[in-house]
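Here, residue 1 is the first one in the sequence, and each next residue gets the next number.
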Amino acid sequence: ALIPVLVMISLSFVLMENNYNSYKEMKITSSITQLMYNVSEIIHTMQVERGLSAGYVSSQSDKLKESLLQQRAIVDEKIKLLNLKIRTLDVDKIAIIQSNIKIFEDDATFLGTLRKKINLKETSEANAISKYNKIIDNVLDITLNIAFTNHDIELIRYISTLFSISHLKEFLGQERAYGTIMLQQQSATMQEYVNFMQIIGAQRTHLDMFEQFATQTYKNLFANMLSSEQVEQITEYENHIKNRDFTNLDSSVWFKLTTNNIDNMKILEDKLLDQINAQVDKNLENGRQELVLWFLAITLTLMVTLII
């Protein structure tokens with residue numbers, strides 16, 4: 001009589017162990033997912049610094065210097081907050097993004113050298129943009145690698161949507177930087193023009209990715225944003241730049257329009273981050289409840305068996 005009961009109890013313990021391992025994975029995911037907000041903040045603030053840096057290097061005056069210095073202070077604060085968050089996590093929990101973090105630490109040190117060159121205007125605007133792009137691309141990869149730590153389909157979908165929006169924001173930031181340079185110069189080199197056109201083309205890939213993974217709610221929010229008067233003005237500027245027609249185009253207006261558009265995408269990004277955190281908390285709570293239920297079921301089974 002005890003043999004089938006013991007088999008059943010053993011099977012229950014195996015199932016409980018599987019649930020416990022899933023719960024542990026969810027806790028690790030929760031810890032890593034908390035970094036995504038800091039990553040998003042760094043990308044957003046560094047994109048602004050890149051645009052201001054490109055504008056400052058290409059400008060004959062120092063009118064952007066004060067704004068640039070203020071933005072650098074904001075970026076430094078965001079970097080400090082990310083490093084503090086990383087130190088609160090176990091090394092094992094962040095193994096999948098450890099290489100990105102190491103590169104980011106090196107890039108943060110290099111950023112000081114790059115800023116000095118920008119202050120002295122000892123680097124070209126194209127080279128400055130390229131260096132910032134490299135730093136931001138590595139930080140963007142952190143979001144992608146975090147997606148690989150998840151097994152929850154809904155969570156993967158949210159993170160993939162976030163990844164596509166983050167890249168769209170990044171390409172908009174690059175477009176803002178190159179557009180600012182060309183409008184300030186009222187002309188464009190062949191390389192600047194080609195880069196500008198490539199950036200506009202690259203946005204299509206991440207728009208397709210967004211359409212594939214985003215829920216209908218976020219598709220509607222994104223569609224409303226694209227239909228705004230602000231985006232129409234940006235499109236008008238883009239068409240003029242494509243035709244190499246720089247007359248009556250103001251670089252400060254372009255910078256303001258594109259910055260507002262990027263800020264609106266940041267609002268959408270923050271909504272997704274809240275959704276991801278809510279989904280992670282929900283998964284954790286469900287996992288906790290399942291563990292408790294399994295423990296109660298096994299305990300009850302054992303007690304009934306002993307009494308009988």
Side-chain angles (χ1 to χ4, degrees), residues 22-23 25-47 82 85-86 89 93-101 103-104 133-175 198-226 231 261-287:
S22 297
Y23 177 69
E25 284 181 8
M26 278 186 266
K27 286 197 76 173
I28 292 171
T29 299
S30 176
S31 300
I32 298 177
T33 305
Q34 290 171 15
L35 290 175
M36 290 171 63
Y37 175 78
N38 299 90
V39 166
S40 172
E41 289 293 303
I42 283 177
I43 292 170
H44 185 70
T45 53
M46 198 168 284
Q47 285 166 341
L82 177 62
K85 180 74 77 174
I86 289 169
L89 301 175
K93 291 181 180 179
I94 57 173
I96 195 166
I97 56 172
Q98 194 68 54
S99 60
N100 298 103
I101 290 169
I103 293 169
F104 176 70
N133 291 351
K134 182 174 173 292
I135 296 171
I136 292 170
D137 283 344
N138 174 63
V139 182
L140 278 168
D141 284 342
I142 293 176
T143 303
L144 181 63
N145 288 333
I146 288 173
F148 293 143
T149 66
N150 291 281
H151 302 290
D152 182 270
I153 299 299
E154 196 168 359
L155 202 54
I156 291 172
R157 187 177 181 183
Y158 285 135
I159 294 176
S160 298
T161 304
L162 177 68
F163 180 73
S164 62
I165 289 177
S166 297
H167 269 79
L168 279 170
K169 268 180 71 253
E170 167 57 7
F171 283 123
L172 284 170
Q174 292 182 28
E175 183 183 343
Q198 285 177 338
I199 289 164
I200 291 176
Q203 291 175 30
R204 184 70 256 172
T205 302
H206 293 285
L207 277 170
D208 291 340
M209 184 179 179
F210 175 82
E211 288 293 327
Q212 182 180 352
F213 288 102
T215 62
Q216 193 58 48
T217 302
Y218 286 103
K219 286 179 183 178
N220 292 340
L221 288 170
F222 195 72
N224 290 336
M225 190 180 69
L226 291 180
V231 173
N261 194 36
I262 290 170
D263 288 343
N264 288 336
M265 292 195 76
K266 179 67 168 64
I267 293 171
L268 191 61
E269 197 175 54
D270 288 342
K271 283 181 182 292
L272 264 169
L273 282 166
D274 291 338
Q275 188 87 50
I276 289 166
N277 287 327
Q279 185 65 33
V280 168
D281 291 341
K282 180 183 173 184
N283 290 349
L284 275 173
E285 185 58 31
N286 290 341

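Contact of the V139 side chain with the M46 side chain is not registered, since no non-hydrogen atoms from C-beta on lie closer than 4.5 Å.
Partners of E154 according to the salt bridge (charged side-chain N to carboxylate O under 4.0 Å, His left out) rule, which considers only residues two or more places apart in sequence or in another chain, do not exist here. In this view, D208 and R204 satisfy the salt bridge (charged side-chain N to carboxylate O under 4.0 Å, His left out) rule, not counting sequence neighbours. Take N220 and apply the side chain to side chain contact (heavy atoms under 4.5 Å, CB included) test, not counting sequence neighbours, and it matches Q216. Judged as a salt bridge (charged side-chain N to carboxylate O under 4.0 Å, His left out), and not counting sequence neighbours, the contacts of D270 are K266. Remark: N133 engages R50 in a side chain to side chain donor-acceptor pair (under 3.5 Å) (not counting sequence neighbours). Among residues two or more places apart in sequence or in another chain, the ring-ring contact (aromatic ring centres under 6.0 Å, His included) test is passed with F171 by H206. Looking at residues two or more places apart in sequence or on another chain, you find a side chain to side chain donor-acceptor pair (under 3.5 Å) between Q47 and K169, E170. Taking S166 as the reference, E269 meet the side chain to side chain donor-acceptor pair (under 3.5 Å) condition, with sequence neighbours excluded. Under the rule for a ring-ring contact (aromatic ring centres under 6.0 Å, His included), Y218 has no partner lying at least two apart in sequence or in another chain. Q203 meets the side chain to side chain donor-acceptor pair (under 3.5 Å) test with E175; sequence neighbours excluded. Here N138 pairs with N100, I103, F104, D107 under the side chain to side chain contact (heavy atoms under 4.5 Å, CB included) rule; sequence neighbours left out.
For R157 against A214, the heavy-atom pair with the smallest separation is NH2-O, 3.3 Å. Closest heavy-atom contact between S160 and M209: O-CE, 3.7 Å. For the residue pair F222 and L268, the shortest heavy atom distance occurs at CD1-CD2, 3.7 Å.
A 6.0 Å sphere centred on NZ of K134 holds no more than 12 heavy atoms belonging to other residues, nucleotides or ligands.
Between the CG atom of L207 and the CG atom of L168 there is a distance of 5.0 Å, given to the nearest 0.5 Å. Atom CD of Q279 is separated from atom CG of L284 by 10.5 Å, given to the nearest 0.5 angstrom. Atom CG of L226 sits about 10.5 Å away from atom CG of N264, to the nearest 0.5 Å. T161 OG1 to I276 CD1: the interatomic distance, rounded to the nearest 0.5 Å, is 8.0 Å. Going from atom CG of L272 over to atom OG1 of T215 covers 7.5 Å, rounded to the nearest 0.5 Å. In this structure, CE in M225 is found 9.5 Å from CD1 in I267, a value given to the nearest 0.5 Å.
Counting only residues at least two apart or on different chains, no salt bridge (Lys or Arg N to Asp or Glu O under 4.0 Å) pair has a member in residues 271-284.
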